[in-house]
Amino acid sequence: MLRAGALVALGGAAVPLTGCDLFDDDQPPAPDPLEPLAAEAAELEGRYRAAIAAAATLADRLTPIADAHQAHAAELRKVIGRPAPSGTPAAGPTVTATDPQGLLAELRQAEQQARENAAKACAAAPGERAALLGSIAAARATHLEVLK
């Protein structure tokens with residue numbers, strides 16, 4: 001089967017075939033296994049920013065965690081090889097609690113699930129990705145301590 005980028009002999013010269021998808025399967029590439037973690041990191045950042053907006057008294061405590069999730073999302077997208085989504089989502093993450101203790105409880109629950117997801121991804125990842133995922137899982141564990 002001819003593939004894009006294959007060489008074809010024409011008149012004694014090898015001519016590359018590029019840009020021709022006629023013989024390629026029209027299947028999009030499989031999603032990268034890190035896509036859900038990148039989306040989760042971005043969603044967590046949004047939750048923290050929403051909590052800060054709801055209770056400004058928590059800003060000093062939560063802003064570094066929001067910034068860490070933002071950095072994690074950026075690094076994961078870099079490893080995946082995909083840019084950050086452009087524009088602002090129509091409906092960003094929200095929080096339902098209005099009091100600081102309720103907000104912290106919501107964030108703890110989300111952070112616990114995210115830590116578990118990162119740890120599972122780390123265990124399943126190839127070596128070149130495991131270090132990044134391990135450090136994200138560890139950061140999420142420390143976030144849980146800050147949220148107590």
Side-chain angles (χ1 to χ4, degrees), residues 1-7 16-148:
M1 173 185 278
L2 274 178
R3 293 272 183 205
L7 295 178
L17 292 178
T18 58
C20 178
D21 290 328
L22 181 62
F23 301 108
D24 284 339
D25 293 333
D26 288 334
Q27 300 296 323
D32 190 289
L34 297 183
E35 291 279 356
L37 287 177
E40 182 178 59
E43 191 268 338
L44 282 167
E45 177 200 357
R47 279 181 179 241
Y48 279 90
R49 304 272 184 225
I52 292 165
T57 58
L58 295 174
D60 288 344
R61 190 172 177 184
L62 301 183
T63 298
I65 300 173
D67 293 345
H69 286 300
Q70 181 181 30
H72 294 160
E75 189 61 28
L76 287 164
R77 284 191 301 270
K78 181 178 166 186
V79 168
I80 294 167
R82 297 202 181 144
S86 61
T88 305
T94 61
V95 290
T96 57
T98 55
D99 65 294
Q101 290 308 312
L103 290 167
L104 292 173
E106 278 186 40
L107 292 172
R108 270 193 306 276
Q109 183 177 8
E111 197 74 59
Q112 177 63 38
Q113 182 61 55
R115 188 209 56 79
E116 291 171 15
N117 293 342
K120 286 177 188 173
C122 179
E128 66 272 7
R129 290 180 165 194
L132 171 62
L133 297 173
S135 76
I136 290 173
R140 290 177 177 179
T142 62
H143 299 165
L144 285 168
E145 292 301 312
V146 172
L147 294 171
K148 285 185 177 179

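Counting begins at 1 with the first residue of the sequence. Side chains are part of it too, since the values below use all heavy atoms of this structure and drop only hydrogens, waters and symmetry mates.
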Worksheet, complete the sentence: On a heavy-atom basis, the closest approach of Ala137 and Ala119 is CB-N, 3.9 Å
Practice prompt. In plain terms, say whether Arg49 and Glu45 are close enough for a salt bridge, that is, a side-chain N and a carboxylate O under 4.0 Å apart.
Written response: yes
Discussion item. Testing the basics here: between Cys122 and Ala130, what is the closest heavy-atom pair and its distance to 0.1 Å?
Written reply: SG-O, 3.4 Å
Worksheet item: Do Arg129 and Asp32 have side-chain heavy atoms sitting under 4.5 Å apart?
Response: yes
Worksheet item: Which atoms form the tightest heavy-atom contact between Ala54 and Val95, and what is the distance?
Response: CB-CG2, 4.4 Å
Practice prompt. Would you indicate whether the side-chain heavy atoms of Leu107 and Ile65 approach each other to under 4.5 Å?
Written response: no
Worksheet item: Is it true that atom CG of Asp60 has more than 12 heavy atoms of other residues, nucleotides or ligands lying nearer than 6.0 Å?
Response: no
Fill in: Nearest-0.5 Å distance, CD1 of residue Ile80 to NZ of residue Lys78
13.0 Å
Discussion item. Let me confirm one number: the OG1-CG distance from Thr96 to Leu103, rounded to the nearest 0.5 Å.
Written reply: 8.0 Å
Worksheet item: Does the side chain of Gln113 come under 3.5 Å of the side chain of Gln109 through a donor N or O and an acceptor N or O?
Response: no
Worksheet item: Any side-chain heavy atom of Ile136 sitting closer than 4.5 Å to one from Leu76?
Response: yes
Discussion item. Testing the basics here: between Ala97 and Gly102, what is the closest heavy-atom pair and its distance to 0.1 Å?
Written reply: CB-C, 3.3 Å
Worksheet, complete the sentence: Interatomic distance, NZ@Lys120 vs CG@Leu133, rounded to 0.5 Å, equals 14.0 Å
Worksheet entry | Under the side chain to side chain donor-acceptor pair (under 3.5 Å) test, residues paired with His72 that sit two or more places apart | none
Worksheet item: Would you call Leu62 and Leu104 a side-chain contact if the rule is heavy atoms closer than 4.5 Å?
Response: yes
Worksheet item: Just checking, is any N or O donor in the side chain of Glu111 or Tyr48 under 3.5 Å from an acceptor N or O on the other one?
Response: yes
Discussion item. Test salt bridge (Lys or Arg N to Asp or Glu O under 4.0 Å) on Glu43 and Arg47; report intermediate values, then the result.
Written reply: CA-CA 6 Å; Glu43 191 268 338; Arg47 279 181 179 241; 2.6 Å; yes
Discussion item. So which atom in Ala121 and which in Leu37 form the shortest heavy-atom distance, rounded to 0.1 Å?
Written reply: CB-CD1, 3.3 Å
Discussion item. For a 4.5 angstrom cut-off between non-hydrogen side-chain atoms, does Leu144 reach Arg140?
Written reply: no
Worksheet item: Looking at side-chain heavy atoms only, is the closest gap between His143 and His69 below 4.5 Å?
Response: yes
Worksheet item: Less than 4.5 Å apart, any side-chain heavy atom of Asn117 and any of Pro36?
Response: no
Item to complete: Check Pro64 against Ala59 and note the closest heavy-atom contact, atom names and distance.
Response: CD-O, 4.3 Å
